[in-house]
There are 2 protein chains.
Amino acid sequence: MSCANHLADSLRERGFRMTPQRLAIMHVLYASPKHLSPAQVFDQVRGTVPGVTETTVYRTLEFLSEHGLVRPIHLGSGHPVYEIREHDHHHLVCRDCGGTVEVENSLFKTLYVQLEAATGFQLAGNHLSLFGLCPDCQRE
Amino acid sequence: MSCANHLADSLRERGFRMTPQRLAIMHVLYASPKHLSPAQVFDQVRGTVPGVTETTVYRTLEFLSEHGLVRPIHLGSGHPVYEIREHDHHHLVCRDCGGTVEVENSLFKTLYVQLEAATGFQLAGNHLSLFGLCPDCQRE
DNA sequence: TACTTATTGAGAAAAACTTGCAATAAGGAT
DNA sequence: ATCCTTATTGCAAGTTTTTCTCAATAAGTA
Ligand SMILES: [Zn+2]
Ligand SMILES: [Zn+2]
Ligand SMILES: [Zn+2]
Ligand SMILES: [Zn+2]
């Protein structure tokens, strides 16, 4: 798998090491269409890496977050979930059913420019969760 | 205090009761210039309501959230914090120093309209935390 | 005052997350 | 191939955060 090699190299360049645990956790997140909690990652990873611990999952998710490979996000549950950090996007989250929809970054561009001008903040690389009611849940 | 009476009435109308605990928790949040964690609320409330428990703080914050009096928000720590639900606004949160800036809802209006048109979601009453770098932390 | 029941306190328990340290093993050097 | 350094893991214990149960309390109504 060339993707894994590429990742391994990028870690080694920075003095870190590639391990079966890290690879498995990345795989689980890549394979998942949606965000996973540490517990969910652990459940899936333990199938392929015998003996892996929750501790390692927590540590690895933090490690990967720090180095920009995954992204911790908040969907209102109070606990962070993680996803692979690929294209920039945001989420609409339904308050009622919890369903999520991804929206592209482009729509936010003008807002960002305005906010940056008004506040001096630098807002690149954001990942937002906007809460509301999905079309289905509005019919109630 | 007329504000408290008003609140009490609004609860009673819906079949709920006003209690010293609920009043104290509302007071703490009103008095605070910023968001408070359940633990912080508990710390302050225990001074004025002897015997109050953390359980009650958790329950009350959820109760007040459900009925639109307070708002749980996420600032990236992984744990929700709470604030009085007054005017609609959003936050810019500095990734580095944790500093926050409030921004008015008006700038978001056009984005919301676009998003609602594109997805069918209904996004009113939102409260966002946009992360980035504050002006001070950009000089590093 | 008495009655109904929403709400609380107490304690236990579950869930989420962290810490310290010895054992393991990844990657580079020999 | 083998050795070395040290990043990383597993293990076990501990801490923090949050939830649950249930009997006791007290808010609001009549
Ligand atoms: Zn996402
Ligand atoms: Zn929905
Ligand atoms: Zn706010
Ligand atoms: Zn800052």
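Chain identifiers are assigned alphabetically (A, B, ...) following the order of the sequence lines, protein sequences preceding nucleic acid strands; residue numbering begins at 1 within each chain.
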Just list the side-chain donor-acceptor pairs under 3.5 Å for residues 7-14 of chain A, sequence neighbours left out, or say none.
| residue | atom | partner | partner atom | Å |
| --- | --- | --- | --- | --- |
| A/D9 | OD1 | A/R12 | NH1 | 2.9 |
| A/S10 | OG | A/L7 | O | 3.4 |
| A/R14 | NE | A/S10 | O | 3.3 |

Give the table of side-chain donor-acceptor pairs shorter than 3.5 Å for residues 58-70 of chain B, with sequence neighbours excluded, one pair per line with atom names and distance.
| residue | atom | partner | partner atom | Å |
| --- | --- | --- | --- | --- |
| B/T60 | OG1 | B/T56 | O | 2.7 |
| B/S65 | OG | B/L61 | O | 2.7 |
| B/H67 | ND1 | B/F63 | O | 2.9 |

Pairs under 3.5 angstrom only: tabulate donor-acceptor contacts from the side chains of residues 129-136 of chain A to other protein residues two or more places apart or in another chain.
| residue | atom | partner | partner atom | Å |
| --- | --- | --- | --- | --- |
| A/S129 | OG | A/H74 | O | 3.1 |
| A/D136 | OD1 | A/R139 | NH1 | 3.2 |

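Applying the side chain to side chain donor-acceptor pair (under 3.5 Å) criterion to B/Q21, with sequence neighbours excluded, gives B/T19. By the side-chain contact (heavy atoms from CB on, under 4.5 Å) test, A/R17 is found to be paired with no residue, residues two or more places apart in sequence or in another chain being considered. Residues passing the ring-ring contact (aromatic ring centres under 6.0 Å, His included) test with A/H89, sequence neighbours excluded: A/H87, A/H91, A/H127. With sequence neighbours excluded, no residue forms a side-chain contact (heavy atoms from CB on, under 4.5 Å) with B/T110. For B/S37, the side chain to side chain donor-acceptor pair (under 3.5 Å) partners at least two apart in sequence or on another chain are B/Q40.
When distances are taken from the side chain of B/Q21 to each of C/dA6, C/dG9, D/dT18, the shortest belongs to C/dG9. With D/dT18, C/dT8, D/dA7 as the choices, the nucleotide that has an atom nearest any side-chain atom of B/T56 turns out to be C/dT8.
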Protein-nucleic acid N or O pairs under 3.5 Å, nucleotides 24-26 of chain C:
| residue | atom | partner | partner atom | Å |
| --- | --- | --- | --- | --- |
| C/dA26 | O3' | A/M18 | O | 3.2 |
| C/dA26 | N3 | A/R17 | NH1 | 3.0 |

Tabulate atom names and distances for all N/O pairs under 3.5 angstrom spanning the protein and nucleotides 10-13 of chain C.
| residue | atom | partner | partner atom | Å |
| --- | --- | --- | --- | --- |
| C/dG11 | O6 | B/T55 | OG1 | 3.2 |

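The bend of the helix from C/dT1-D/dA30 to C/dT30-D/dA1, defined by the angle between the axes of its first five and last five pairs, stands at 40° to the nearest 10°.
For A/H90 and A/F108, the ring centers sit closer than 6.0 Å to each other.
Applying a 4.0 Å cut-off to non-hydrogen atoms, none of the residues of residues 38-50 of chain B approaches DNA chain C.
Atom pair A/I25:CD1 and D/dT8:C1' shows a separation of 12 Å (rounding to whole Å applied).
In the hydrophobic clustering of this structure, A/L111 does not group with B/V113; members are Ile, Leu, Val, Met, Phe, Trp, Tyr whose side-chain heavy atoms approach within less than 4.5 Å, directly or through other members.
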